[in-house]
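Remarks on the structure that follows.
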Protein chains: 4
Amino acid sequence: SDITCVADYEALAKDYIDTPVYEYIAGGSGNEQSLRANIEAFQSVQLVNRLLVDCSAGTTATQLLGQSFRHPVLLAPVAYQKLVHPLGELETARAAEALDTCMVTSTLSSCTLEEIAQAHQGNRWFQLYFQVDRAHTLDLVRRAEAAGYSALMVTLDASIQASNRRAKRAGFQFPTAVRPENLQRYQPPQQVTLSTDQSVIFQGAMAEAPGWSDLEWLLANTSLPVLVKGVLHPNDAKQLAAMGVSGVVVSNHGGRALDGVPSAVHVLPQIRAALGKDVTVLADGGVRSGYDVFKLLALGADAVMVGRPLLYGLAVAGALGVAHILRMLRDELEVCMALTGCPTLQEIDRQCLWHSEQETNQHAHRD
Amino acid sequence: SDITCVADYEALAKDYIDTPVYEYIAGGSGNEQSLRANIEAFQSVQLVNRLLVDCSAGTTATQLLGQSFRHPVLLAPVAYQKLVHPLGELETARAAEALDTCMVTSTLSSCTLEEIAQAHQGNRWFQLYFQVDRAHTLDLVRRAEAAGYSALMVTLDASIQASNRRAKRAGFQFPTAVRPENLQRYQPPQQVTLSTDQSVIFQGAMAEAPGWSDLEWLLANTSLPVLVKGVLHPNDAKQLAAMGVSGVVVSNHGGRALDGVPSAVHVLPQIRAALGKDVTVLADGGVRSGYDVFKLLALGADAVMVGRPLLYGLAVAGALGVAHILRMLRDELEVCMALTGCPTLQEIDRQCLWHSEQETNQHAHRD
Amino acid sequence: SDITCVADYEALAKDYIDTPVYEYIAGGSGNEQSLRANIEAFQSVQLVNRLLVDCSAGTTATQLLGQSFRHPVLLAPVAYQKLVHPLGELETARAAEALDTCMVTSTLSSCTLEEIAQAHQGNRWFQLYFQVDRAHTLDLVRRAEAAGYSALMVTLDASIQASNRRAKRAGFQFPTAVRPENLQRYQPPQQVTLSTDQSVIFQGAMAEAPGWSDLEWLLANTSLPVLVKGVLHPNDAKQLAAMGVSGVVVSNHGGRALDGVPSAVHVLPQIRAALGKDVTVLADGGVRSGYDVFKLLALGADAVMVGRPLLYGLAVAGALGVAHILRMLRDELEVCMALTGCPTLQEIDRQCLWHSEQETNQHAHRD
Amino acid sequence: SDITCVADYEALAKDYIDTPVYEYIAGGSGNEQSLRANIEAFQSVQLVNRLLVDCSAGTTATQLLGQSFRHPVLLAPVAYQKLVHPLGELETARAAEALDTCMVTSTLSSCTLEEIAQAHQGNRWFQLYFQVDRAHTLDLVRRAEAAGYSALMVTLDASIQASNRRAKRAGFQFPTAVRPENLQRYQPPQQVTLSTDQSVIFQGAMAEAPGWSDLEWLLANTSLPVLVKGVLHPNDAKQLAAMGVSGVVVSNHGGRALDGVPSAVHVLPQIRAALGKDVTVLADGGVRSGYDVFKLLALGADAVMVGRPLLYGLAVAGALGVAHILRMLRDELEVCMALTGCPTLQEIDRQCLWHSEQETNQHAHRD
Ligand SMILES: Cc1cc2nc3c(=O)[nH]c(=O)nc-3n(C[C@H](O)[C@H](O)[C@H](O)COP(=O)(O)O)c2cc1C
Ligand SMILES: Cc1cc2nc3c(=O)[nH]c(=O)nc-3n(C[C@H](O)[C@H](O)[C@H](O)COP(=O)(O)O)c2cc1C
Ligand SMILES: Cc1cc2nc3c(=O)[nH]c(=O)nc-3n(C[C@H](O)[C@H](O)[C@H](O)COP(=O)(O)O)c2cc1C
Ligand SMILES: Cc1cc2nc3c(=O)[nH]c(=O)nc-3n(C[C@H](O)[C@H](O)[C@H](O)COP(=O)(O)O)c2cc1C
């Protein structure tokens, strides 16, 4: 009852999660410049209230990719949820079901995508990591289709695992019981031996990383709508849209991929401007309140995802914790909508923000 | 005798107020972005002193709504003052009387508006919250008129009570003895039952919130001048003025309504520009010194209100504390006027401020 | 030997000065916004080094008001120096003498101006506060002339003593032994009784404050060059120059007069632009190193004064401490000159600073 | 194994180095404004990731001055390395050899340049300080040529040793065993006696400082390519290039020369713009990760040097520590290249950075 907001779960979670695991989750890559930026960026955005607007018919309902959503907040793909709860993704799925929320299941989930689908009848999307072997990738896609996932979210910003210094310092190691269950049935790729001249990054990881042709192949081989996650550059956004991608997720992977990149708050306006109105744009990173959700919507997102908060809720109180977090985010979002005079999501735009001249410029330009 | 400024009362007040009550008063909504902004914004405004100006005929006297005021500092409407002093608003009223200061009585006062009027012969205004039942609203207006209140300040930024996390965490609950005394005689509105599809915010609170027609109705039903409190958007300000409202209060409710909105310091110039010279503009939020009062006047306010400081003075030393606070604010204001070469309030304008180019822009534009 | 810079004296001084006195000296007015700005402003200015410039004929010698100075650093007028050392201003004078430095004696010195003059044969200036009785003012001027002071620095930014909250909280009171020795021979002005309608500020202090005519009278009654101290507004600067004042001191009185005004760093460029090259411009406030001295010179000052540092040196080690501080400032200034390739003060200008576009604007405009 | 980045070595190094020595190394000149700026500046630069770029042929190989380098990270010239390890520069040289890295040997090395050359067959450059006696300077050059050093880096920003306050406070003194071994064979210059009128800075140190003619003489007397270290002003850069210098090092000497100058991050774009593409530009100061390396390359540097990090690695683990640091920098750089879609150094440019309008301006202008 002393839990009043998502931040309270974050604080409490430290008592429920082993320190090395907590550091692995909470930490970011490099110097954590992006991780900090994700949180701070929201403080630089200001709202304006409006008076006397009739909001009695207000609703947060919306359409994404032709699918109906009750709220514009989704559960981000988060790997290995058994790290914080013995039932892992199944509990999260139950919370999603209860709160009528779309859950995005990670390729690296610690329950199989089929198990998760059974626990959650509502909107469910599948997050896809390209596998080294195309056959494996295709099999994952077919399984997701079969299990009723209604969209693929292809994550492309993490070809290389940038080091999480906090986790390393805390001695984090994966418990053997927590595995990528979806991948157990596939033969692991053969280890390539590098000569001393060669780089583990360029000739190692990047040699197996997907390219534009892989994405084209994927688009040709599934009827599901495809979103690409990890987009920060307007040119990438435009090229993806031109290829036939249905949407993009403006994301820096919660500060866990390339450190030093800006947060969604800062690049969203440029991405939305580059794509126009017809492409679906999601955003994530540092969302900790309904105020933050509102700000991303106002800056151009159609919907928003939360990552770490779901783990904190899951760790503290299982499905109930995740549901509580979703509930608080939604209530706060509705307060923002009511007080800014936006009865529906369609009314939420840049006009709801207060900008000094200076910040206006900041959002407007890229060199 | 070691009390030298309002901040000293704030620090002392912690010893005089139970922690949960203190947190309820000191806290703001959401992440307290606006609460912090209210204090910090004043630091970004700079004054310029002027030399050798004759201020021997100086005075802080002014006219607001055709009424004479000795000082441009008013006591903001603050609900439930018995939370910090057994005599509540009556003590505040005595201080207002002693210091010849206008007190704005809240609809939610813990003494009746009639009792307060008796304790304070000077300028007194009534802050009105629209009641669900128009008859109740009208009765409040008639009672205020009868008790000699000379203006109505209609607060419109708080249709929904945004959660005060600090108060919740500290376990704050209203003591049964502290009640909205003005409303005891009215039947409480019937509880509406919501279906699970419906939102407590949109179909609950907002269904009962006032609209433009309610304000029109009010203007038609009272001869008192009406000010609207909680204005931050220039368009709202203009529309209100066009409807016949006599003045606006630029306020974010002390950071207690929609979190994330800018402070009066930042929006005042735009509001004043939108309204021109003839509409009365008050401002509040974070005023803690006569320097702050001066800055708001220079940015376009005709007068200024203080909220929490009156509660701190009241808690520490009753009427004497409130009077002392008013005295310090007034003395500091006079020092500012003397040293900036402004013998009267009319001389206080943007010319008294020092702006870097950058800040100038910041004040000039809204997107 | 562990003293390496002025800041070290400041830290040490706390052990040598009673806390209430220390707070009185270190503190500023109001919320200490200007006091903090004075220190922080220097961090926002950046220098650029230059390579291979011949500085072997370098010198800090300069001319001010037709008088020769070995260094462009002066000892600011600081009242009541016996607060920190039993011999007060006499020790400071001996340091000034030893380091060939100009000392500005305060009207409120705790030794007489005649005693001080005897201890210091070099350049000495007298800081004048207008007295309520013109005869007293004139007598002070005549005494300064007779004692060989070669300029008058009239301080005009302190008609009202703004409250020093830190001093008040610490219970600071003047020891009876520390008196304004220069004024002992004059009858104190009659106390004016104010009616309750009247303000101690406007009808009290400001009724006795000097006006433009008083300054005109002074200029007509002395042959000494007159500088005005406390100038921050370009229009005041221009009007003073037009009246025949020889120079101005850009100063916020060390953050002790009107709180909230900008620091010399920020207004100097505007003042210099308003006055052109022919009027002498000094600056003070927050100077704690030779780097700070260099920055003020580069922004347009002809010379610079230090206030609190002299008290810290005096408290810790008497004349020796003051001399050491002057020595360090001068050495650091010479290092700056050598490394920026400025063999003489004439070369020090805005070209020696590195500005981002943004800061350039900040210096360029006033609203 | 809990070492995950350069900062970890910095923290550990405090346990391996005597405090006075540590302070001497870690400290900067003056108020350490530049020292802090060096670290903070990198936080203000933001990268942008790019998706799906083929980096499987990626490499960090590059050419500088016609010489081949495997990585664009060099070991900066750092004097007296025996301060932190009994074998001093020899250990550093072994690490450079192992990691195929160019080491720049200081004139003030605590092993002779000949010894160092023997320990390191790869690319090696010699950092030259002009000696008071030209014959000594020439002898140093001849010895460097003879020992196979393939470039001279002439440091010109340190004609005067600005005081390192931290070192002074900690009582740092050179151990007698740590000497400038290269200079032992030369007669020390005669001490000049200064009159009391004269300045130890102008008539002392600066009288012996090199001028433009000395640099011309040097260029005429060596066939090695010459780089000048310590360049911050675009005009100096242009004049040096016009004289025939092959490259410049944009550096503020790690915040140890003139305090208050900007960091390489801030001036690099101007220097590169002044010089065009054909002059080699290196940069250093505050580089603590491969992310920092990448940012300097993107802002215009051809290669980057690290100073203090090598001392921390050397102190903690000798050659192994230095090698580990070089390895981490290189791996992080490769991660940045891969995730920004830059398979080679040629692709790294301003397009890889994300700039707000505001910061763009900041980089674009100098007054
Ligand atoms: C522990 C953890 C695991 C994650 N696993 C995945 C994943 O498997 N796939 C993916 O696309 N993103 C993954 N993400 C990133 C999230 O989808 C999301 O972008 C990010 O968490 C949003 O930032 P937030 O945590 O501040 O809300 C993970 C994030 C965390 C913290
Ligand atoms: C405890 C508390 C109760 C308040 N009650 C009311 C109220 O009943 N009606 C109203 O219009 N504003 C109310 N306010 C807002 C004040 O009128 C005012 O806008 C605000 O306190 C100004 O900010 P400050 O507290 O920083 O001075 C209240 C504020 C506080 C702190
Ligand atoms: C304790 C104290 C006493 C002062 N007395 C005087 C004074 O009598 N006359 C005057 O013009 N300025 C006076 N000043 C202001 C100084 O002349 C000077 O403007 C200021 O100290 C400069 O700032 P700094 O202390 O940061 O160097 C005083 C300042 C201090 C700290
Ligand atoms: C202890 C120490 C000694 C140095 N000695 C020299 C030197 O002898 N010659 C030189 O040109 N630079 C010298 N430098 C400066 C470095 O070459 C380099 O510019 C600087 O250390 C880069 O900043 P960083 O330490 O933040 O990486 C020295 C720096 C340090 C910290």
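To find a chain, count down the sequence lines: A is the first, B the second, and so on, and within it residues start at 1.
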Would you say B:Asp54's side chain and B:Ser56's backbone share a donor-acceptor pair under 3.5 angstrom?
yes

With heavy-atom distances below 4.5 Å as the criterion, would you say the side chains of B:His71 and B:Leu333 are in contact?
no

Side-chain donor/acceptor of C:Asn252 to backbone N/O of C:Pro262, under 3.5 Å
yes

dist B:Arg330:CZ -> B:Met337:CE (nearest 0.5 Å) comes out at 11.5 Å

Is chain C contacted by the side chain of B:Phe294, its backbone, both, or neither, given a heavy-atom distance below 4.5 Å?
neither

Which portion of C:Thr196 sits near chain B, non-hydrogen atoms under 4.5 angstrom:
backbone

Within the distance-only criterion (no hydrogens, no angle test), does the side chain of C:Thr107 pair as donor or acceptor with the backbone N or O of C:Tyr129 below 3.5 angstrom?
yes

Top contributor to chain B contacts, counting heavy-atom pairs under 4.5 Å, from C:Gln161, C:Met206, C:Arg166
C:Met206

Answer key: most heavy-atom pairs under 4.5 Å with chain B among C:Gly211, C:Ser34, C:Ala207 is C:Gly211

Centroid-to-centroid, C:Phe174 to C:Tyr24, below 6.0 Å?
yes

Comparing C:Ser159, C:Gly230, C:Ala158, C:Ala205 against chain B, the one with the most heavy-atom pairs below 4.5 Å turns out to be C:Gly230

Which bit of B:Arg288 comes within less than 4.5 Å of chain C, counting heavy atoms only: side chain, backbone, both or neither?
neither

Interface check, chain C: of B:Cys55, B:Ala61, B:Ala57, B:Ala7, most non-hydrogen pairs under 4.5 Å belong to B:Cys55

Above 12 or not: heavy atoms from other molecules or residues under 6.0 Å from CD1 of C:Ile39?
yes

Hey, which of B:Thr340, B:Val335, B:Asn49 has the most heavy atom pairs under 4.5 Å with chain C?
B:Asn49

Any idea which of B:Glu332, B:Lys295, B:Arg50, B:Gln43 has the most non-hydrogen atom pairs under 4.5 angstrom with chain C?
B:Arg50

Answer with side chain, backbone, both or neither: which region of B:Asp8 has an atom nearer than 4.5 Å to a non-hydrogen atom of chain C?
side chain

